[in-house]
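Every chain is numbered from 1 and lettered A, B, ... according to where its sequence line falls, protein lines coming before strand lines.
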Amino acid sequence: MERYDPKAIEPKWQKTWLENGCFRAGDESGKERFYALIEFPYPSGVGLHIGHPRPYTGMDVLARARRMQGYNVLFPIGWDAFGLPAENYAIKNNIHPAEVVRHNVEHFRGQIRRLGYSFDDAREVNTTDPDYYKWTQWIFLKMVEHGLAYKADVPVNWCPSCKCVLANEEVVGGLCERCEAPAEHRDKSQWMLKITQYAQRLLDDLDLCEFPARVAAQQRNWIGRSEGAEILFAIAGTDESLRVYTTRPDTLFGATYMVISPEHPLIGRLESRIQNLAEVDGYRKAAARKSDFERTELVKDKTGVRLDGITAVNPATGNDIPIYVSDYVLMSYGTGAIMAVPGHDTRDWEFARAFGLPIVEVVAGGDISKEAFTDTETGTMVNSGFLNGMEVAEAKKTIAKWLQGKGLGEPKVRYKLRDWVFARQRYWGEPIPIIHCPQCGMVPLPEDQLPLKLPEVQNYKPTDTGESPLAAIGEWVNTTCPQCGGAARRETDTMPQWAGSSWYFLRYADPHNQNELASKEALRRWMPVDWYNGGMEHTTLHLLYSRFWHKFLYDIGVAEQPEPYIKRTSHGFILGSDGTKISKSKNNGMDPDVIMREYGADTLRLTILFIGDFEKGCQWSEKAIKGCRRFLERVWAVKPGASAVDEVKLHQTVKKVTEDIEGLKFNTAIAAMMSLLSVMEKGCSQFDMNVFLRLLSPFAPHISEEMWARQGEKGLCCEAAWPQYDPAKTVEDTVELAVQVNGKLRGTVTVARGCENDTAAAAALGTERVKAIAEGREPVKVIVVPDKLVNLIFKG
RNA sequence: GCGGACAUGGUGGAAUUGGCAGACACGCUGGUCUUAGGAGCCAGUGCGCAAGCAUCCGGGUUCGAAUCCCGGUGUCCGCACCA
């Protein structure tokens with residue numbers, strides 16, 4: 001018999017699928033649509049890595065199954081090709097980034113084809129294609145028009161290794177998300193996107209999204225909504241005041257001092273009154289030198305300096321209270337100043353202890369000599385004038401009214417989310433289409449001049465000065481103002497890599513449109529994305545950013561729905577065979593190409609899905625490959641004959657595989673097929689085989705196609721109709737009941753399905769084992785779960 | 001500190017969501033075929049000689065708990081001096 005040889009059959013079918021356009025989404029189709037989306041890859045030089053095949057294979061199974069179920073499926077792929085790695089590789093090897101991308105994309109395309117993925121080859125998008133980034137720039141200009149994109153002098157995170165600024169979301173634990181260099185502080189004039197304007201909607205509309213709990217929770221956490229009040233504290237003897245934000249206005253009577261951040265502008269304004277200015281300046285300079293990493297991770301002991309010569313007035317008590325500068329207060333959150341209530345805030349308590357400041361109890365219920373009492377559920381107000389005796393919740397309302405009445409404060413909602421730093425000082429990104437004119441100021445490039453293409457240059461190395469390499473390209477930078485026609489300069493920063501990916505799912509609907517980012521009809525046909533699978537690492541980056549962009553596009557009438565994705569799932573990470581992150585140096589991982597060469601794409605696809613629950617993390621193991629390859633070889637060897645498999649088994653398997661695909665339970669779907677196969681090996685009909693191949697087809701499409709053809713079936717297996725099951729035929733006529741005595745399993749008994757409880761109980765009582773235990777006694781209680789079990793309770 | 005997830009044989013992992021724990025696979029053991037096998041096929045495989053005991057530990061609810069509740073331990077992930 002001919003051996004199973006994937007090398008001989010896989011390329012053949014990949015070619016057939018491509019030539020027949022099997023996976024092209026139909027714009028004219030009358031079928032119900034299904035839009036399945038994976039996160040498009042960054043085409044790096046090393047090709048597909050371990051992270052890609054798992055989500056792609058999983059979603060490919062879903063897409064293939066849905067096609068067979070009669071849906072018009074859009075399952076596209078593209079290339080998120082701007083960004084630092086291509087640029088760095090280009091610099092190192094002296095090749096233009098565009099050339100690097102072209103080469104890498106070709107490599108990726110080949111690998112993806114060899115894996116048998118059913119991506120629509122006619123809808124590829126590439127973020128670095130001017131026909132694509134024209135629309136990225138267009139969206140940016142619309143944001144400028146609507147006041148959502150603005151340039152501001154703000155303290156930003158600077159990565160000294162990547163030599164560009166980082167968004168808040170790109171700093172992880174004080175380190176650059178990409179290269180893990182400690183981020184530094186720089187003050188720079190920056191393009192920003194006002195994502196904060198959408199904070200509440202991004203939060204509220206999570207209810208419209210079918211996100212996994214962990215994804216929704218993480219976004220909520222990142223948006224970080226809190227309710228409190230802003231309160232004004234007068235500076236004694238001046239017209240100045242200090243505005244603070246607090247979530248505990250109820251504890252105002254306990255505010256015994258104030259703290260401002262080292263960057264707070266009050267210090268500059270009251271310089272002349274500060275008696276220890278040298279000391280204060282010294283502290284500020286030391287704080288400025290620290291990176292975020294040092295400020296938050298390493299230094300937990302409270303430090304600070306009192307501003308001698310100025311005091312604030314507690315508006316509730318009328319007392320003069322000292323003001324400190326300390327780096328535990330951040331300029332980037334709230335107002336950069338706090339009222340310190342050491343009795344009821346852990347950080348303030350620590351600071352007060354270190355500096356010998358009074359700690360006053362205003363909420364009874366704890367022991368503030370030992371630690372701050374921060375509970376808001378159980379406390380009663382004390383030492384708080386007109387608030388005394390109230391519970392915390394009531395005190396909050398009362399003090400808010402009182403403050404508003406006196407014009408000293410107002411309720412305020414705050415978010416941790418900050419505006420998105422949207423400029424990078426690098427070459428390989430979308431140019432920001434803005435012109436700086438000495439007469440007219442910042443002028444948006446007119447839409448008819450889009451795309452603003454990147455210039456061809458010799459040198460695109462980043463600089464240490466914080467200037468983009470584009471700044472050195474005179475003939476590109478120097479231009480004329482679209483408004484006054486005078487000499488002007490182009491913006492030289494480029495957009496971050498997250499720009500192109502913030503709307504790419506819309507472009508798939510209509511990828512070749514020259515007049516719009518996508519036509520209304522196409523967007524109506526395909527959006528929103530039905531099912532989007534992607535990595536957890538993008539939860540507070542791409543996933544949040546793209547929701548924001550889509551909401552904006554919805555507001556200006558481009559998008560049709562408030563949310564871009566109906567359902568989001570997230571695959572678990574594959575760890576190395578040693579349980580740690582896969583890396584080349586540790587040699588604990590897998591190279592898709594190597595495995596494909598040795599075992600074939602179908603085996604790799606099965607292995608990746610069989611290894612564990614798709615949505616949970618799992619460990620890679622060479623051992624798993626063998627079992628899957630063995631399975632396919634056994635499939636190959638089955639020869640249909642006269643006898644047929646048990647109808648119930650067949651229908652059960654169809655049901656199980658159908659349902660498991662919907663739930664992304666690919667591992668148990670494969671197990672069910674393995675189980676059916678072992679029955680088929682004992683004898684099966686041509687029809688059994690036909691059903692089996694259709695079930696297997698989304699998982700192992702090549703072998704299914706080959707055997708389908710060899711069986712003489714008509715058409716392509718991947719275009720055959722999905723097998724149907726008859727629910728009535730998924731169950732046997734008889735059932736085996738578990739027989740328990742006093743809750744313990746004592747045997748089984750076979751009865752007719754759906755039989756009366758009395759009949760089941762009688763059958764259970766009639767078993768030898770039960771008779772022996774009963775010794776003639778009658779059970780005091782009988783519990784029957786129909787078709788499941790009988791539990792007999794005996795006394796004693 | 002806040003938020004999320006998780007803990008099942010030698011291993012990866014199943015368990016219709018409160019109803020026969022360990023599906024499926026790896027590994028292992030024995031057999032068989034073979035000049036040979038790190039190939040194939042067949043059988044066995046949670047622990048225990050047994051009665052029994054078993055889903056991280058301790059309580060609880062229930063006729064019945066891997067599953068629900070309370071307490072504890074441990075692991076992973078996200079955020080974090082966020083006022």
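Residue contacts shown for A:Leu789 include a base, since a base heavy atom lies under 4.0 Å away. In this structure, A:Ile793 reaches the sugar-phosphate backbone alone: every heavy-atom distance under 4.0 Å involves primed, P, OP1 or OP2 atoms, never a base. Residue A:Phe610 is in base contact, counting any heavy-atom pair closer than 4.0 Å across all strands shown.
Closest to the side chain of A:Val172, out of B:G4, B:A83, B:C79, is B:C79. Comparing B:A83, B:C26, B:A14 by their closest approach to the side chain of A:Thr668 singles out B:A14. Comparing atom distances between the A:Thr748 side chain and each of B:C20, B:C79, B:C24 picks out B:C20 as nearest.
The CZ atom of A:Arg418 sits 13 Å away from the P atom of B:C79 (whole-angstrom rounding). For the pair A:Ile670 CD1 and B:A23 C1', the interatomic distance rounds to 14 Å; values are reported in whole Å.
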Q. Reading RNA chain B 5' to 3', what string of ( ), [ ], | and . shows its pairs, if Watson-Crick and G-U wobble pairs count only when both distances fall under 3.5 Å?
A. (((((((..(((......[....)))((((((.......))))))((....))..(((((..]....))))))))))))....
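For B:C79, its base never sits under 3.5 Å from the side chain of A:Asn221 at any donor and acceptor pair. Side-chain atoms of A:Lys416 and base atoms of B:C79 include no donor and acceptor less than 3.5 Å apart. Counting distance only, with no hydrogens placed and no angle test, the side-chain atoms of A:Gln218 and the base atoms of B:C79 include no donor-acceptor pair under 3.5 Å.
Using a cut-off of 4.0 Å between Lys/Arg side-chain N and Asp/Glu carboxylate O, A:Glu39 and A:Arg568 are scored as salt-bridged. Salt-bridge check for A:Glu410 with A:Lys412: failed, with every basic side-chain N at 4.0 Å or more from each acidic carboxylate O. Residues A:Glu230 and A:Arg414 are paired through a salt bridge, judged by an N-O separation under 4.0 Å between the basic side chain and the carboxylate.
Anti is the conformation of B:G71, whose glycosidic angle sits further than 90° from 0. Syn is the conformation of B:U17, whose glycosidic angle sits no further than 90° from 0.
A donor-acceptor contact shorter than 3.5 Å is absent between the side chain of A:His538 and the backbone of A:Leu543. Remark: the backbone N or O of A:Arg243 is paired with a side-chain donor or acceptor of A:Thr335 at under 3.5 angstrom. Side-chain N or O atoms of A:Arg54 include one that pairs as donor or acceptor with a backbone N or O of A:Gly572 at under 3.5 Å.
On the P atoms, B:G3 is 46 Å away from B:G52, given to the nearest whole Å.
In this model, a donor atom of one side chain and an acceptor atom of the other lie less than 3.5 Å apart for A:Glu169 and A:Tyr545.
Residue-environment remark: CG (A:Asp367) exceeds the threshold of 12 foreign heavy atoms within 6.0 Å.
The side chain of A:Tyr245 contributes no N or O atom lying less than 4.0 Å from OP1 or OP2 of B:A83.
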What donor-acceptor contacts under 3.5 angstrom involve side-chain atoms of residues 673-680 of chain A, with partners at least two apart or in another chain?
from: A:Ser675; atom 1: OG; to: A:Lys649; atom 2: NZ; distance (Å): 2.7
from: A:Ser678; atom 1: OG; to: A:Ser675; atom 2: O; distance (Å): 2.8

Q) For nucleotides 38-53 of chain B, read 5' to 3', which letter fits each nucleotide if B means a protein heavy atom sits under 4.0 Å from the base, S means only the sugar-phosphate is that close, and - means neither? A) -SS-----------SS
